There are 2 protein chains.
Amino acid sequence: MQRKLPQSNLYLREEELRRGIELLYFAYRDFTRDPDEILATSNFGRAHHRVLYFVGRNPETTVSGLLHQLRITKQSLSRVLGQLVEDGYIDQKPGTEDRRQRLLVLTDKGEKFEKSLFETQRNRVAEAYKKAGPEAVAGFWEVLLNIVDEQERSAVLQQIEK
Amino acid sequence: MQRKLPQSNLYLREEELRRGIELLYFAYRDFTRDPDEILATSNFGRAHHRVLYFVGRNPETTVSGLLHQLRITKQSLSRVLGQLVEDGYIDQKPGTEDRRQRLLVLTDKGEKFEKSLFETQRNRVAEAYKKAGPEAVAGFWEVLLNIVDEQERSAVLQQIEK
DNA sequence: CCTATTATGTCAACAAAGCTGACATATATT
DNA sequence: AATATATGTCAGCTTTGTTGACATAATAGG
């Protein structure tokens, strides 16, 4: 009567759920720290970083593609994207099939800047991977993927397996 | 010459590092979605949620304790904390040892509200844990902990093992 | 005991990044 | 030819972060 849950479900107790919630919070808090420091010396912020990242990752993505990944309004995106285009970090070119679309690509300048931001996060994650080992990393991916909205999982899978 | 890295380091390639970065982004994006929906029907926002969470988790925490966990300025905290106290979600009482301190605790009302927010995230994480299984969950914790700033890890450990 | 430090609070101004609503234009689609 | 879609833009507002300056009460150190 002492133990209410079967051995195999111990990881589903409140304590373990809180652990995941808190680790997610603290890890994300520190994960954004390094790029934020670089950004603080620029005219840009975290919102610009996200745009640079996804345009770099998906060259020729469209405005609506970005809107869906970022989950912000076009007015919000428009502000940061406009600044990035204005300052020569991103180029826009009309779509070939659908000429209403604006295909987005990083310029050389944009690529260089994005790379410097990415590098800090890559290093942090690489260190964490090394310390935790490959099996832990596989579990890390698996849980995160399942935290994503169910209906979005296929889109996320497509992105990460690209 | 084809394969540049030893088998055991395949998980440290750029592709796998990007995978972690992107999963962290997408998971966090959706993780905040459920409480945000509830908050949208209240007078509070995500900042209030964080305060409610940590006060609930650490009853009698101090203002400076919160400031350290949240990494915001006292002026920012003061605004949201003030609203939560004003509206009867949090009580303040003077410290017993150090009477300069204000010990923070949730009121019944605060506890009830925090619980409703927490429940949504608990459910999401519980589902993800179930789908991924206990070994994956252990890896998830391990990697996240190592993403946290090294000098903060002991504080985070103390929090999650509380 | 006196002085310095600490914990907290407060006022004011500002910045980043999100939001809604309304309306415009060019191109596709039916 | 009419409708729908992709994108852009103007205007105003909200939330949540920032800096800087200053105030008060209580603790701590010499």
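Below, chain A is the first sequence line, B the second, and so on; all start at residue 1. Only heavy atoms go into these numbers, but all of them, side chains included; no hydrogens, no water, no symmetry mates. Since this is a predicted model, take the numbers as computed values, not measurements.
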Can you tell me the distance, in whole Å, between the CG atom of A:Leu77 and the P atom of D:dA6? 15 Å
Please tell me if the side chains of A:Glu16 and B:Val125 come closer than 4.5 Å, counting only heavy atoms from C-beta onward. no
Would you kindly give the CG-to-P distance between A:Asp98 and D:dA4, to the nearest whole Å? 17 Å
May I ask you to verify if any side-chain N or O of A:Arg46 is less than 4.0 angstrom from the OP1 or OP2 atom of D:dT18? no
Is any NZ, NE, NH1 or NH2 atom of the basic residue among A:Glu161 and B:Arg19 found under 4.0 Å from an Asp or Glu carboxylate oxygen of the other? no
Is there a donor N/O on one and an acceptor N/O on the other, under 3.5 Å, for the side chain of A:Arg99 and the base of C:dT27? no
Charged N to carboxylate O below 4.0 Å: is that the case for A:Glu152 and A:Arg71? yes
Sugar-phosphate only, base, or nothing, as touched by A:Gln92 at under 4.0 Å among non-hydrogen atoms: sugar-phosphate
Which comes earlier along DNA chain D counting from the 5' end, the contact point of A:Gln101 or that of B:Glu97, where each point is its nearest nucleotide? A:Gln101
In terms of side-chain geometry, is the basic nitrogen of B:Arg18 or B:Glu14 positioned less than 4.0 Å from the acidic oxygen of its partner? yes
Sorted by position of nearest nucleotide on DNA chain D, 5' first, the leading residue of A:Gln75 and A:Arg102 is A:Arg102
Looking for any heavy atom pair under 4.0 Å, which part of the strands does A:His49 touch: base, sugar-phosphate only, or nothing? nothing
Verify the contact: side-chain N or O of B:Ser76 to OP1 or OP2 of D:dT16, cut-off strictly under 4.0 Å; return yes or no. no
Residues of residues 51-72 of chain A with any non-hydrogen atom less than 4.0 angstrom from an atom of DNA chain C: list those, numerically ordered, please. A:Arg71, A:Ile72
Would you say A:His48 reaches C:dA16's phosphate, i.e. side-chain N/O to OP1/OP2 under 4.0 Å? no
Does a distance-only test, which skips hydrogens and angles, find a donor-acceptor pair under 3.5 Å between the side chain of A:Arg100 and the base of D:dT7? no
Parallel, tilted or perpendicular, as decided by the 30° and 60° cut-offs, for the rings of A:Phe44 and A:His48: tilted
Verify the contact: side-chain N or O of B:Thr73 to OP1 or OP2 of D:dT18, cut-off strictly under 4.0 Å; return yes or no. yes
Charged N to carboxylate O below 4.0 Å: is that the case for B:Arg102 and B:Glu60? no
Are A:Tyr53 and B:Glu22 close enough that a side-chain donor and a side-chain acceptor fall under 3.5 Å? yes
How many whole angstroms separate atom CD of A:Glu86 from atom P of D:dG8? 14 Å
Nearest whole angstrom, please: distance from the C1' of D:dT18 to the CG of A:Leu39. 15 Å
